[in-house]
Amino acid sequence: MTVNGAMREVIGESASKVGNDPEALETGYLQLLHLVERLHRQLLDVIKDELERLGQTDINSVQALLLYNIGDAELTPGELRSRGHYLGSNVSYNLKQLVEKGYIKDERSNTDRRSKRVSLTDMGLEIRDAITQLFERQLTSVEQVGGVDIQLIDDTNKTLQRLERFWADQVRYRL
């Protein structure tokens, strides 16, 4: 299956219809935009459900995903924004909350005292590990239960990467 074929399958349009029909392209593109947004919310719901199962009620799913994305690294808030594509105020608020709750430690940089570097505490590593285990559990059934094989994942990833570049260029070059 081609990248375009995967995109058409994901958005529910036939390959021949989308290639030659501007209305079908518009419908499919708008459906894809809604799907990307819904998928992110559903991922947060899956993480929230896992946190509840673990009895972890003092952080939310966005904060847990932030811990997962920090992982073993030591990063600045700016690096988190650029790597995770979090909104600036959202990162600042959540980092402050996670520091106060003991999941993250922040230290001033030795070279630039204005800059802070954040890393996970042992509590933060526990949450990161729990989210890692959740994703590993999902890997055992995503193909059989979800019908999502490696080829579909690769094709979808290529499509989403192309869209990411396209949207980044829209902003960068004001297209």
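In this text, all values refer to a predicted model and were calculated from it rather than measured experimentally.
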Report summary line: Closest heavy-atom pair, G147 versus L152, reported as atoms and distance to 0.1 Å, is O-CD2, 4.2 Å
Report summary line: Taken in chain and number order and not counting sequence neighbours, the residues that satisfy side chain to side chain donor-acceptor pair (under 3.5 Å) with R41 are E37
Requested in this report: For residues 131-144, pull every pair meeting side chain to side chain donor-acceptor pair (under 3.5 Å), keeping only residues two or more places apart or in separate chains.
Outcome: E50-R137
**Report entry** Salt-bridge contact R117-E107 (side-chain N to carboxylate O under 4.0 Å)
**Finding:** no
**Report entry** Distance (rounded to the nearest 0.5 Å) between L95 CG and L67 CG
**Finding:** 9.0 Å
Report summary line: In short, L98 meets Q63 closest at the heavy-atom pair CD2-CB, 3.8 Å
**Report entry** D149: side chain to side chain donor-acceptor pair (under 3.5 Å) partners, not counting sequence neighbours
**Finding:** none
Query - Any L134 side-chain heavy atom under 4.5 Å of V46 side chain - result: yes
Report task. If a pair satisfies ring-ring contact (aromatic ring centres under 6.0 Å, His included) and one of its residues is in residues 50-81, list it, with sequence neighbours excluded. Result -> Y68-F135
Requested in this report: Each residue besides I150 in its hydrophobic cluster should be listed here, by chain and number; the cluster joins Ile, Leu, Val, Met, Phe, Trp and Tyr at side-chain heavy-atom distances under 4.5 Å.
Outcome: none
Query raised in the report: Among all residues two or more places apart in sequence or in another chain, which pass the salt bridge (charged side-chain N to carboxylate O under 4.0 Å, His left out) test with R128?
Result: D72
Query - salt bridge (charged side-chain N to carboxylate O under 4.0 Å, His left out) partners for E126, two or more places apart - result: none
Requested in this report: Supply the atom-to-atom distance N94 CG to L65 CG, rounded to the nearest 0.5 angstrom.
Outcome: 10.5 Å
Query - Set of residues satisfying side chain to side chain donor-acceptor pair (under 3.5 Å) with respect to D106, sequence neighbours excluded - result: K116
**Report entry** Derivation and outcome, side chain to side chain donor-acceptor pair (under 3.5 Å), residues Q161 and N157
**Finding:** CA-CA 6 Å; Q161 288 166 346; N157 283 339; 5.9 Å; no
Return a table of donor-acceptor pairs under 3.5 angstrom between the side chains of residues 165-175 and protein atoms on other chains or two or more places apart.
| from | atom 1 | to | atom 2 | distance (Å) |
| --- | --- | --- | --- | --- |
| W167 | NE1 | Y29 | OH | 2.8 |
| D169 | OD1 | R172 | NH1 | 2.9 |

Query - D49 (side chain) donor-acceptor with D45 (main chain) under 3.5 angstrom - result: no
Query raised in the report: Can you tell which of L80, I59, V118 makes a side-chain contact (heavy atoms from CB on, under 4.5 Å) with L66?
Result: L80
Report summary line: For D122, the side chain to side chain donor-acceptor pair (under 3.5 Å) test, sequence neighbours excluded, returns none
Report summary line: On a heavy-atom basis, the closest approach of V91 and P77 is CG1-O, 4.2 Å
**Report entry** side chain to side chain contact (heavy atoms under 4.5 Å, CB included) partners of K96, counting only residues at least two apart
**Finding:** E100
Report task. Go through the structure and list residues passing side chain to side chain contact (heavy atoms under 4.5 Å, CB included) with L139, not counting sequence neighbours. Result -> none
Report task. To the nearest 0.5 Å, tell me how far L43 CG sits from K48 NZ. Result -> 13.5 Å
Query raised in the report: Taking C-beta and beyond as the side chain, do T57 and L51 meet within less than 4.5 Å on heavy atoms?
Result: no
Query - Student check: side-chain heavy atoms of Y103 and L125 closer than 4.5 Å - result: no
Query - S61 (side chain) donor-acceptor with I47 (main chain) under 3.5 angstrom - result: no
Query raised in the report: Could you state the interatomic distance from NE2 (H34) to CG (L39), rounded to the nearest 0.5 Å?
Result: 13.0 Å
Requested in this report: Flag the pair T159 / T156 as yes when at least one side-chain heavy-atom distance between them is below 4.5 Å, and no otherwise.
Outcome: no
Report task. Following the transitive rule for hydrophobic clusters with a side-chain heavy-atom cut-off under 4.5 Å over Ile, Leu, Val, Met, Phe, Trp and Tyr, establish whether L54 and V62 coincide in one cluster. Result -> no
Requested in this report: Kindly indicate whether the side chain of K101, heavy atoms from C-beta on, has any atom under 4.5 Å from the side chain of M123.
Outcome: no
Requested in this report: For residues S119 and I104, determine if any side-chain heavy atom of one lies less than 4.5 Å from a side-chain heavy atom of the other.
Outcome: no
